[in-house]
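Since the structure comes first, as C-alpha cells, the remarks are kept for the end.
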Number of protein chains: 2
Amino acid sequence: MVTISDVAKLANVSTATVSRVLSNSGNVKKETTEKVLEAIQKLNYQPNILARQLRKLETKTILVVVPDITNTFFSKILRGIEHVAIENDYEVLLGDTGNNVERERVYLDILRQKKADGMILLTARLESHLLEEIASEFPVVLACEYLEGSTIPTVSIDNVSSARKATEYLINLGHRRIGFISGPLNVILSRDRLKGFRQAMAQHNIPIESFLVQEGDFSFESGYNMMMKFLALDQPPTAVFAANDEMAIGAIKAIKSKGLRVPDDISVVGFDDIQFASIYEPALTTISQPMFEIGKKAMELLIKLINKDQLL
Amino acid sequence: MVTISDVAKLANVSTATVSRVLSNSGNVKKETTEKVLEAIQKLNYQPNILARQLRKLETKTILVVVPDITNTFFSKILRGIEHVAIENDYEVLLGDTGNNVERERVYLDILRQKKADGMILLTARLESHLLEEIASEFPVVLACEYLEGSTIPTVSIDNVSSARKATEYLINLGHRRIGFISGPLNVILSRDRLKGFRQAMAQHNIPIESFLVQEGDFSFESGYNMMMKFLALDQPPTAVFAANDEMAIGAIKAIKSKGLRVPDDISVVGFDDIQFASIYEPALTTISQPMFEIGKKAMELLIKLINKDQLL
DNA sequence: GAGATTATTGTAATCGATTACATTTAGAAT
DNA sequence: ATTCTAAATGTAATCGATTACAATAATCTC
C-alpha cells in the first residue's frame with residue numbers, strides 16, 4: 001500500500017508538506033506542489049481515510065436507521081438525505097432494522113463507537129430514555145416518527161392536521177359512516193393520525209363507533225384483513241380512511257373481492273402518496289408527504305448539529 | 001472521551017491487558033478481567049473503532065452500489081446482503097447512484113481509500129477496464145448485472161433462459177404476434193433478455209418483426225409509452241413480454257386505457273416478481289427472481305474474497 | 001529448593017495521516 | 001550589508017487502539 005511517506009520520499013519533501021498539498025492549505029511553493037502532485041500521480045496514491053479520521057476524530061459518515069428499506073416511502077426519504085449528504089461530503093451508512101426493535105438498539109452502538117458523526121432515525125420505537133441519552137451525547141435527528149415531549153430535533157409533517165383533512169374530505173363527500181384503519185398504535189405517528197381522524201369526526205358531530213376503528217400494521221395484508229372485518233358488519237362503512245397507502249390498497253382489494261366498486265360503493269383515502277398509489281386502479285386518493293424534502297431537511301439539521309458540536 | 005488508557009488507569013493495569021480483555025484473547029487472570037470489566041462499566045467505555053481499524057487495516061464495512069434504492073427489486077437484494085453482513089459483523093455502506101453513471105465512478109474511490117473492505121455492485125455501467133482494474137486490487141462482486149468476458153465474480157440468474165421460458169409461455173398460449181418491451185440495451189442484462197426472447201421465437205419458427213421490439217428504460221412510464229406504440233399499429237401484438245414488472249404494469253395500464261382487457265384481449269408477462277405484481281389487478285404473470293437469495297450469495301462470495309485477501 | 005515451564009502482565013512500536021511548533025529560506029526595509 | 005518579517009518546510013507529537021517482544025510471577029518437576 002502506498003502511504004504518505006512514500007510520496008514524501010519520491011517528491012523529496014516531508015510528509016507534512018505532502019499533507020499540506022493534499023489539504024490545499026496554502027503555504028506551499030508552486031514548484032513544490034507540482035513535485036508532490038507528480039509523485040502522487042506516479043504512485044497512484046490515495047490517502048488512508050482511517051488514519052485521517054482517527055487524527056481528526058471525525059468520520060464524515062452519518063448513520064441512517066430505517067425500519068424497512070423495501071418500503072418506497074423510506075427509500076424516498078433516504079434519497080433526500082443522500083442528496084444533502086453528497087453535497088457536504090458525507091457518506092451514508094445504512095441501518096435497516098427490518099421492523100425489529102432489537103436491531104434498532106444495536107445501531108446506537110455504532111454511533112457510540114464513533115463510526116459515524118451523527119444519526120438520523122426514521123424509526124423511534126426504542127425506549128425514549130435510551131434515545132434521549134444518546135441524543136444528549138451525539139448528534140441525532142428524528143424524522144417521521146418522534147417522541148412525545150422530547151427535545152431531540154425532529155422533522156415531520158403535522159400528522160394530526162393531515163389526518164383531519166383527509167377525514168374532512170370524506171365527510172364533505174357526504175359520508176358519515178367512516179371506517180379508520182390505523183397503523184400500529186405503539187407508534188406515535190399512528191396515534192396522531194387517529195387523533196386527527198377523531199378531531200374531524202368530533203368537529204362535525206359524528207359519533208365514532210368503536211368497531212369502525214381497526215388497528216393494522218401498515219402492511220398491505222393488514223389493510224385487506226381489516227377491510228374484510230368492516231365488510232362483515234351489518235352496516236359496513238361507506239368510506240374508509242387508511243393510515244397509509246399500502247393498507248389503503250389492501251382495503252380496495254378487499255372491497256373489489258366482494259364485487260363492490262371504489263369509489264362508487266365505498267370511498268377510500270390513503271396516506272403517504274407512494275408511487276404505486278397513482279398507478280393502481282382505481283388511482284388512490286391520498287395525502288401526499290414530501291418525502292424527499294423530509295430527508296433533505298433532516299440531513300441539513302443533522303449537519304448543523306454536527307458542526308455545532310465541533311465548536312464545543 | 002473515555003479511552004483505553006483511562007480504563008487501564010482505573011483498573012490499575014496496562015492498556016495491553018485491557019485490550020486483551022476486550023478481545024477475549026484469554027491469558028488474563030480471572031480477577032484482572034473482572035477489575036477491567038468493572039472499570040469499563042464504571043466509565044461506560046466504548047472502544048474507538050477508528051483506532052482499531054487503522055491498526056488492523058480493516059473496516060468491517062462493505063460498500064453496496066445500487067442504481068436506484070427506491071426500486072424494491074434492489075432493496076430486496078439489499079436485504080439479503082444485509083442478512084449475511086450482520087451475521088458476519090459487517091456493516092453496509094450504501095451508495096445510491098440514482099441511475100447516474102458518474103456517481104458510480106465516485107464510489108470506486110471509497111473503496112480505494114480503504115473506507116470499505118470490499119464492494120458489491122448491483123450496477124455495472126462503467127467502462128469495464130475501470131471495474132477490472134479495481135477488482136484486481138480489491139474484493140469486488142457483481143450482482144444482477146455483469147460484464148462480458150470478465151473474471152469478476154458475479155451472482156446472477158440466467159437471464160437468457162428465463163426470458164426464453166417467459167416467451168415460450170406466451171407461445172404455448174397460442175400467440176404468434178408477440179411484442180417485446182426491452183430494457184435499456186446498453187445494459188447487458190437487457191440484451192440477454194432480448195436474446196432469450198429471440199431464441200424462443202426462432203425455435204418456434206416465428207419471424208420477429210422489428211417494430212415489435214421496443215426499447216424502454218425499466219420505468220413504468222416507458223412501459224406505458226412503448227405499449228401505446230404497439231397499440232397504434234395496424235396489427236397490434238396479441239401478447240407482450242416486458243423485461244421487468246414496472247414496464248409490464250405500464251403496458252397493462254396502456255392497454256386498459258384503450259378499453260381493452262388483460263389477458264382477454266392482450267396477454268402480458270413481466271419479469272422480476274416485485275411485490276406489486278401480485279397486488280395489481282389483474283395480477284401480473286411474471287418471472288420470479290430470488291432477490292433475497294441473490295443478495296445473500298453475493299455477500300457470501302464477497303466475504304470469501306475478503307478473507308482470501310487477508311491470507312495473501 | 002533449584003531449575004524449567006507456563007501463565008500473566010507490561011513496554012513500546014505500530015498503523016497512516018494531521019498539525020503544533022521549530023527551523024530554514026527568501027524577500028523587504030533600513 | 002544587516003536586520004526584520006513572512007513564507008516555506010521540516011521534526012516530532014498525536015489520535016486510540018493492537019500486538020510483538022520482554023519481563024515478571026506462578027506453578028511444576030525432581
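Naming convention: chains lettered A, B, ... in sequence-line order (proteins, then strands); numbering from 1 in each chain.
A straight line from CD1 of B/I40 to P of D/dA17 spans 10 Å, rounded to a whole angstrom. Here C/dT24 presents its P atom at 16 Å from NZ of A/K29, a figure rounded to the nearest Å. Going from atom CD of B/Q113 over to atom C1' of C/dA17 covers 13 Å, rounded to whole Å. Rounded to an integer number of Å, the gap from A/L50 CG to D/dG16 C1' is 13 Å. The interatomic distance linking B/N24 (CG) with D/dT18 (C1') rounds to 15 Å, in whole Å. In this structure, A/K60 places its NZ atom 19 Å from P of C/dA17, rounding to the nearest Å. Atom C1' of nucleotide C/dG10 and atom NZ of B/K9 are separated by 16 Å, given to the nearest angstrom. Straight-line distance from the CD atom of A/E58 to the C1' atom of C/dA17: 13 Å, rounded to whole Å.
Cation-pi check for A/K76 over A/F292 is not met; the charged atom does not lie both under 6.0 angstrom from the ring centroid and within 45 degrees of its normal.
Checked against A/Y146 for a side chain to side chain contact (heavy atoms under 4.5 Å, CB included), the options A/D192, A/I152, A/V155 give a single hit: A/D192.
Of the residues near DNA chain C, A/S5 and B/T33, the one whose nearest nucleotide (by heavy atom distance) lies more toward the 5' end is B/T33.
Picking from D/dA17, C/dT18, C/dT8 the nucleotide with the shortest atom distance to the side chain of B/N27 gives C/dT8.
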Handout entry: Contact letters for nucleotides 10-15 of chain D, in which S counts primed atoms plus P, OP1 and OP2 and B counts the base, heavy atoms under 4.0 Å
Key = BBBBBB
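A donor-acceptor contact under 3.5 angstrom links the side chains of A/E132 and A/S150, judged on distance only.
A/E102 has a carboxylate O that lies under 4.0 Å from a charged side-chain N of A/R105, or vice versa, which qualifies the two as a salt bridge. A salt bridge links A/E145 with A/R125: the distance from a Lys NZ or Arg NE/NH1/NH2 to an Asp or Glu carboxylate oxygen falls below 4.0 Å. In this structure, A/R79 pairs ionically with B/D68, as a charged nitrogen and a carboxylate oxygen lie closer than 4.0 Å.
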